[in-house]
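Below, chains carry the letters A, B, ... as their sequence lines are ordered, and counting in each starts from 1. The figures here come from the full heavy-atom set of this structure, side chains too, leaving out hydrogens, waters and symmetry mates. Nothing here was measured: the structure is a model prediction, and the numbers come from that model.
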Amino acid sequence: MTAPTKPPHTTPADAVPGLSRRARARDEEPGETVGAHLHAPVIDWFDEHARDLPWRRPEAGAWGVMVSEFMLQQTPVNRVLPIYEQWLARWPRPADLAAEAPGEAVRAWGRLGYPRRALRLHGAAVAITERHGGDVPSDHAQLLALPGIGEYTAAAVASFAYGRRHAVLDTNVRRVFARAVSGTQYPPNATTAAERKLARALLPDDESTAARWAAASMELGALVCTAKNESCHRCPIAASCAWRLAGKPEHEGPPRRGQTYAGTDRQVRGKLLAVLREAHAPVPQSALDRVWHEPVQRARALDGLVSDGLVEPLAGGLYRLPQG
DNA sequence: TAACCGTGGCT
DNA sequence: TAGCCAAGGTT
């Protein structure tokens, strides 16, 4: 098993075939919208082909959108669906989660992976309850100030839940833009200023259209313009796609090494936490010792979990999920 | 900036 | 089969 790897890049920052020189020179707030020829086909495609996901239904509300965004960070939709439903049924409002021990969030997170997200979602619920009267804020800066929310998630919640106009730049959208506009197979490894500028330039002027565009361009990347085995024959903007018109050149250069997973601290942490999730009483050290043979790494992993706040050490060599 | 942080399905 | 891949955030 390996950890996630992102493809390397060659994107020339400002070599954007689809944009006029004036458009490239202009920085931020648009007077006229760039890339407007992409908006209608992508949004129309979305209207017809969008998946019916629970967090897209009106009854999900801003809290449902926010919960889904936390769970979807690096985790596939199909694995999120059942946990999302259980989560919202148990904690229908931020205050409901805030009233629980953080360890309950970690337990309910199950095997979604990256359990620190569960802790941060709990922390965000506490902050929303304390600072925002229990309502998920719609302001980008206020969202960004919450634990576990970065640039992408703040924009996604503001856009999807409140219809605000933000560039929502996730891995799907970055790949769509890299191909359709920049003409490269993959976006850069890390998000660049040029990508942000491009995303802002492509954002429709109208607020509700911008929100629709954000969801539609992301869905296109998830369903059609995928990382591997892309389906150009189903793509609404294939005719103007810079990468396709260039003959779909494959990325050149050394592939970035993916971190191996087997034998890493991450694997050990996962095994340790799995024991504590299943237990409903404090667990003795001896039970944790069984999950990994190598004592030094085992101790390091446990220490890491404790310092992350995912595990609470008790007197007498007992451990449990955090109660406070 | 780059490393770190889980998990399981797919090819 | 073993590497690839999935709606990132934090340090």
Side-chain angles (χ1 to χ4, degrees), chain A residues 1-9 50-51 53-56 60 64-84 106 109-121 123-124 143-161 166-176 186-193 214-223 225-230 251 255-274 276-277 291 300-301 304-305 307-311:
Chain A
M1 292 217 183
T2 65
T5 306
K6 288 180 182 173
H9 81 94
R51 292 167 290 180
L53 300 171
W55 44 86
R56 286 179 177 163
V65 170
M66 184 174 141
V67 169
S68 78
E69 291 301 335
F70 270 76
M71 291 182 173
L72 288 165
Q73 291 168 4
Q74 302 289 284
T75 303
V77 166
N78 286 337
R79 220 174 324 150
V80 164
L81 284 168
I83 306 295
Y84 171 87
V106 174
W109 197 256
R111 306 188 66 80
L112 284 184
Y114 293 142
R116 292 192 291 197
R117 291 181 293 165
L119 223 45
R120 290 171 183 151
L121 180 52
L143 287 164
L144 200 55
L146 298 172
I149 294 191
E151 183 179 339
Y152 160 77
T153 303
V157 171
S159 182
F160 301 157
H166 289 287
V168 180
L169 205 50
D170 80 323
T171 185
N172 290 307
V173 174
R174 294 179 62 220
R175 188 173 54 249
V176 169
Y186 296 120
N189 282 324
T191 306
T192 62
S217 53
M218 188 177 311
E219 188 79 336
L220 186 64
L223 297 184
C225 193
T226 48
K228 301 174 74 173
N229 303 318
E230 68 280 357
H251 167 77
R256 213 168 75 163
R257 288 191 62 83
Q259 185 195 7
T260 55
Y261 177 68
T264 62
D265 286 6
R266 292 161 76 177
Q267 185 184 21
V268 183
R269 287 166 57 106
K271 288 178 176 294
L272 291 170
L273 204 57
L276 296 172
R277 271 199 314 264
V291 308
R300 184 173 67 235
L305 289 169
S307 63
D308 284 348
L310 283 163
V311 171

**Asked** Is there a donor-acceptor contact under 3.5 Å from the side chain of A/Arg300 to the main chain of A/Asp265?
**Response**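 No.
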**Message:** Please tell me if A/Gln74 has a side-chain N or O lying less than 4.0 Å from either OP1 or OP2 of C/dG8.
**Reply:**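 For C/dG8, OP1/OP2 do have a side-chain N/O of A/Gln74 under 4.0 Å.
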**Prompt:** Taking the side chain of A/Val77 as its heavy atoms from C-beta onward, which of C/dA7, B/dC5, C/dG8 lies nearest to it?
**Reply:**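 Of the options given, the side chain of A/Val77 lies nearest C/dA7.
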**Message:** Among C/dG8, C/dA7, C/dC5, which nucleotide has an atom closest to any side-chain atom of A/Trp55?
**Reply:** C/dA7
**Prompt:** Between A/Ile149 and A/Lys228, which has a closest nucleotide on DNA chain C that is more 5'?
**Reply:**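 Per heavy-atom nearest nucleotide, the more 5' residue is A/Lys228.
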**Complete:** Closest to the 5' end of DNA chain C, once A/Arg79 and A/Arg116 are matched to their nearest nucleotides, is A/Arg79
**Beyond-backbone contact of A/Leu119 with A/Asp308, side-chain heavy atoms, under 4.5 angstrom** = no
In whole Å, what separates the [atom1] atom of [N] from that of [M]?
{"N": "B/dG8", "M": "C/dT1", "atom1": "C1'", "value": "15 Å"}
{"N": "B/dC5", "M": "C/dA7", "atom1": "P", "value": "22 Å"}
{"N": "C/dT11", "M": "B/dT1", "atom1": "C1'", "value": "11 Å"}

**Request:** Would you please name every residue forming a ring pair (Phe, Tyr, Trp, His ring centres under 6.0 Å) with A/Tyr152, sequence neighbours left out?
**Result:**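 Here no residue qualifies.
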**Item:** Partner residues of A/Glu151 under the salt bridge (Lys or Arg N to Asp or Glu O under 4.0 Å) criterion, sequence neighbours left out
**Value:**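 By the salt bridge (Lys or Arg N to Asp or Glu O under 4.0 Å) rule, A/Glu151 matches A/Arg196.
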